[in-house]
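Okay, structure first, notes after.
All ligand and atom numbering here is 1-based and tracks the order in the structure.
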Amino acid sequence: MIAVENLKDFKLEDVKIDPFWNRGTEKEQKIHRIHAYPAKFPAFITTKALEYWSNNSNNPPERIADMFCGCGTTAFEARRNSINFWGCDINPVATLIAKTKSRKYQSRRLQKYYGAIINDYTKRSIQDHFDFAPDRLKYWYSREQYNELAHLKEVILSTTPENSDYRLYFLCGFSNILKTTSRWLTKSIKPQIDPTKNPAKAIDAFKEQINIMITANTEIDNLGEAESYIMTGSFLDDSWKIPAIDMIITSPPYVTSYEYADLHQLSSLWLGYVDDYRGLREGTIGSLHHDYNFNKELKRLNSTGLKIVNLLLDQHKSKAMAVAKYFLDMQRVAQKAYSILNTNGKALFVIGNTEYKNVRIDNAKHLSESMLDAGFSSISLTKRKISNKILTPYRDERGKFTSNSMGRKVYSEEFIIIGRKDI
Ligand SMILES: C[S@@+](CC[C@H](N)C(=O)[O-])C[C@H]1O[C@@H](n2cnc3c(N)ncnc32)[C@H](O)[C@@H]1O
């Protein structure tokens, strides 16, 4: 780890990979894989962060927060360690998964509802509602696929108690089969139709999914009694009352990164979170408002942010505006993160850098400066290797990995930035 005191002479290239953050020591619990989620971080990041905390502090943290909680990796690990948790995410699909992962379920009741769902699905006849389906769903499903899924959803709603954790559980399972049962090109990070695909049947996919989920639940050895609050909305919404936090463990969205709203359009539409999935982009970090005054806002950028935006401005004005908005939002995130921490609290951010047309977008340096400006002290920074199946750092125009360096560059390492609140 290297200390960040003076950003002027600081070069991120000098930061060495720290193997401590590369790999976990235990196998990740199956519960972390019950629903696909892009940019999920490995669960061992939380374990390592807690280890880091205990090396520097006598008592365990009382409450952890993750304000970009995604599919609830930190939320679940906090609960497993009997530590209270507060988290939020602007994406309702993320909080659906995060809640499902951090609630306690009785196997007997899960089996009972599951049996009832399968029974009712087979017993009741499937109605044809396709003509009334939203156009966007008609685009992704054939009449038969749509009707089977609508029937399954209806059965889940009628067999599980309203507002119960059990309904949440089966809707989460339902959400994760919506791509395999549609024409969505498998594994693509961009929404596009696969004309050659033979989509899975809803009931088969659902059975397989719930079996995976039930097995994952059986594996969970201990879920403590700690509190877990997971909210849907923007961290930058100041109307929330957030409890005091000892440690933040989070990974913010990266600039020029995945469009979560587009990727989760099937779940959002089926579960009724939005009428138009594009509405989900609103309020996400870096999203532009129609009344965004670029020239005025530019003045609030810190020096790292300003330098990068100026490099982009010459040739890529709209990209420069988007990056500037992202940086400004992240400056507010650093300030708000500082404000919710107790004295001696710590914040750990996992963040990667990107590149746009040969301009390096140094999110890590920008966040380090934002944290210094927000009042954090003892900021230290280290680097980890992203060790999943990524074999090449490039993506083609369809969003698939490619060895062709003409593709868009993606990151294969990321930074861990830790700061402390002294007073
Ligand atoms: C890198 S992902 C976090 C992944 C998470 N660590 C996990 O393991 O699943 C970043 C998350 O930030 C969320 N996000 C974007 N803008 C937000 C905002 N204004 N407030 C809260 N969450 C936001 C996205 O929906 C996304 O889930």
(Q) Polar contacts were defined as any N/O atom of the residue lying under 3.5 Å from an N/O atom of the ligand; does this apply to A94 and ligand 1? (A) no

query: Relative to the ring of Y166, is the ring of Y105 parallel (under 30°), tilted (30 to 60°) or perpendicular (over 60°)?
result: perpendicular

message = Check contact between D89 and ligand 1, using heavy atoms of the residue and a distance below 4.0 angstrom.
response = yes

Honestly, for F68 the part within reach of ligand 1 (heavy atoms, under 4.0 Å) is both

Nearest non-hydrogen protein atom to atom 9 (O) of ligand 1, with distance, is C71 N, 2.9 Å

shortest atom 4 (C) of ligand 1-to-protein heavy-atom contact is with A39 O, 3.4 Å

Atom 17 (C) of ligand 1: closest protein heavy atom, distance to 0.1 Å, is I90 CG2, 3.6 Å

Can you say whether the rings of W21 and Y52 are parallel (under 30°), tilted (30 to 60°) or perpendicular (over 60°)? tilted

Yes or no: does S287 have any heavy atom under 4.0 Å from an atom of ligand 1? no

| task | Would you mind checking if R360 and E355 are paired as a salt bridge, meaning a charged N to carboxylate O distance below 4.0 Å? | result | no

Closest to atom 21 (C) of ligand 1 by heavy-atom distance, out of M67, M231, K101, is M67

Next on the checklist: When you compare ligand 1 with D66, is there at least one nitrogen or oxygen pair between them that comes in under 3.5 angstrom?
Outcome noted: no

(message) So for ligand 1, is P38 a polar contact partner (N or O within less than 3.5 Å, distance only)?
(response) no

query = Parallel under 30°, tilted from 30 to 60°, perpendicular over 60°: which one fits the rings of W86 and W240?
reply = perpendicular

The closest protein heavy-atom partner of atom 2 (S) of ligand 1 is Y260 OH, 3.3 Å

A98 to ligand 1, any heavy atom closer than 4.0 Å: no

the protein heavy atom lying closest to atom 20 (N) of ligand 1 turns out to be F235 N, 3.0 Å

Of all protein heavy atoms, the one nearest atom 16 (N) of ligand 1 is I285 N, 3.0 Å

